[in-house]
Amino acid sequence: MSARPDGAPDGLGARLARRFAERAIRGELDQLRRVVGVGGVERDPAPGRPLVVYANHHVYPDSFLLWHLVTQVWERPMIVWMEAWDRAPLFGPVGALPFPDGDARRRVRTMRETTRRMTADPRTALYLYPEGSMRVPEDGLGPFRADLGRLARVLPQEVAWVPVGVHAGWWGESRPTGVLALGEPHDAPDGTEPARLGAALEAARGARPDDLPRDGAEAVVLRDGRPGADERWDLSRLAPLYERWTFPT
């Protein structure tokens, strides 16, 4: 069986399965009006080094947004640890690895596979959600359940760490805008990760439509989505007819 540079399967079946999963992900991203990046997120924060991206887990499409950032913008192979992998194994060929609660054997296997891929291909990026389960956005950043310091000890020493704030906001359109904000990269966990991620999340929440059009804007469009009906439809030619059906003659 053929393999990619990171050693992941790349035979015909794996390629077809990967294309199917990527199409499903793009379909989910098409539900957003656009994907916007702030804080220089459009630039790879650690070229040539394996990467751990730690993000907040507050909106349903956050994994799809991070897939787009890692694989399409930074052009890196990705890994994400997925607790409910058995319910949705179709994302395995794009980098999702099983991390079920209560199954230490499979979790250890996934950590070893992550280390192996990062060693084989230093472009590999792991993204994870240290809060654990998804939270209500209005509740803000929750306590970290993941022990990032312990995780760092099982990954290659050259790994870079970077927080990314994820937000979905309504900018006066019928579809939400996804926002990704890059925090400050660092070499190893040092206990400041909640503050670092909190700052990135606030930057994502602070993005506004006015940040986009002018030269030197702080925000950039990473992916343009499908406009909603409010932008596509103009029925003004029917207004005289509907006026007759609205007001008494």
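Owing to the predicted nature of the structure, the values given are computational and were not obtained by experimental measurement. Along the sequence shown, residues carry numbers from 1.
Taking both residues in full, the closest heavy atoms of Ala125 and Arg76 are given as CB-CD, 3.9 Å, listed atom of the first, atom of the second, then distance. Here the closest heavy-atom approach between residue Pro93 and residue Ala17 is recorded as CG-CB, 3.6 Å. Summarising the geometry of Pro45 relative to Val162, their closest heavy-atom pair is CG-CG1, 4.2 Å, with the distance given to 0.1 Å. Minimum heavy-atom separation, Met134 to Val59: CE-O, 3.6 Å. Nearest approach of Asp230 to Gly172, heavy atoms of both residues: OD2-O, 4.4 Å. In terms of heavy-atom proximity, Arg123 sits nearest to Pro5 at NH2-CG, 4.4 Å.
Residues Asp224 and Arg33 meet the side-chain proximity criterion, which asks for heavy atoms closer than 4.5 Å. Side-chain contact check for Gln72 versus Trp67: some heavy-atom pair is nearer than 4.5 Å. The shortest side-chain heavy-atom distance between Arg226 and Arg232 falls under the 4.5 Å cut-off. For the pair Leu97/Arg106, no side-chain contact is recorded, criterion being any heavy-atom separation below 4.5 Å from C-beta on. Using a 4.5 Å heavy-atom cutoff, the side chains of Asp190 and Arg196 are in contact. No side-chain heavy atom of Pro137 sits under 4.5 Å from any side-chain heavy atom of His167. By the 4.5 Å heavy-atom criterion applied to side chains, Pro50 and Thr124 are not counted as neighbours. Taking the side chain as every heavy atom from C-beta outward, Arg18 and Val94 approach each other to under 4.5 Å.
A donor-acceptor pair shorter than 3.5 Å can be found between the side chains of Thr177 and Arg34. Under 3.5 Å, the side chains of Thr114 and Trp81 contain a donor-acceptor pair of N or O atoms.
A salt bridge is absent between Asp121 and Arg4; no separation between the charged side-chain nitrogens and carboxylate oxygens falls under 4.0 Å. In this structure, Glu113 pairs ionically with Arg117, as a charged nitrogen and a carboxylate oxygen lie closer than 4.0 Å. Arg19 has no carboxylate O lying under 4.0 Å from a charged side-chain N of Glu22, or vice versa, which leaves the two without a salt bridge. Electrostatic pairing of Arg49 and Asp187 counts as a salt bridge here, judged by a charged N lying under 4.0 Å from a carboxylate O. Using a cut-off of 4.0 Å between Lys/Arg side-chain N and Asp/Glu carboxylate O, Asp30 and Arg223 are scored as salt-bridged.
Between Leu29 atom CG and Ile25 atom CD1 the span is 7.5 Å, to the nearest 0.5 Å. With rounding to the nearest 0.5 Å, the separation of CG in Asp6 from OG1 in Thr119 is 11.0 Å. Of the inter-residue distances, the one linking Glu42 atom CD with Trp74 atom CH2 reads 10.5 Å to the nearest 0.5 angstrom. Between the CG atom of Leu51 and the CG atom of Leu155 there is a distance of 11.0 Å, given to the nearest 0.5 Å. Taking CG of Leu32 as the reference point, atom CD of Glu173 lies at 11.0 Å (rounded to 0.5 Å). From Tyr242, atom OH reaches atom CZ of Phe247 across 15.0 Å, with rounding to the nearest 0.5 Å.
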Go through it in stages, so that I can follow the logic: the residues are Asp101 and Arg107, the test is side-chain contact (heavy atoms from CB on, under 4.5 Å), and I'd like the CA-CA distance, side-chain angles, deciding distance and then a yes or no. CA-CA 8 Å; Asp101 191 24; Arg107 290 161 76 103; 4.1 Å; yes
Derivation and outcome, side-chain contact (heavy atoms from CB on, under 4.5 Å), residues Met118 and Glu158: CA-CA 10 Å; Met118 285 183 166; Glu158 60 271 21; over 6 Å; no
Show your reasoning for whether side-chain contact (heavy atoms from CB on, under 4.5 Å) applies to Leu180 and Val73. CA-CA 12 Å; Leu180 296 164; Val73 179; over 6 Å; no
Between Val179 and Trp171, is a side-chain contact (heavy atoms from CB on, under 4.5 Å) present by the stated rule, with each step listed? CA-CA 11 Å; Val179 184; Trp171 286 8; 4.2 Å; yes
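No path of Ile, Leu, Val, Met, Phe, Trp and Tyr side chains, each step under 4.5 Å between heavy atoms, connects Val159 with Met78, placing them in separate hydrophobic clusters. Each of Leu148 and Val164 belongs to its own hydrophobic cluster when Ile, Leu, Val, Met, Phe, Trp and Tyr are linked at side-chain heavy-atom distances under 4.5 angstrom. Under the 4.5 Å side-chain heavy-atom criterion for ILVMFWY residues, a single connected hydrophobic cluster contains both Tyr60 and Leu69. Both Tyr127 and Val166 are members of a single hydrophobic cluster when ILVMFWY side chains are connected at heavy-atom separations under 4.5 Å. Note on Met111: it clusters hydrophobically with Tyr54, by side-chain heavy-atom contacts below 4.5 Å among ILVMFWY residues.
Formation of a donor-acceptor pair under 3.5 Å by the His186 side chain with backbone atoms of Thr192 is not found in this model. With Arg135 contributing its side chain and His58 its backbone, the two residues share no donor-acceptor pair below 3.5 Å. Under a 3.5 Å cut-off, the side chain of Glu243 and the backbone N or O of Leu241 do not form any donor-acceptor pair.
Just one of Arg87, Glu83, Met82 meets the side chain to side chain contact (heavy atoms under 4.5 Å, CB included) condition when paired with Trp85; it is Met82.
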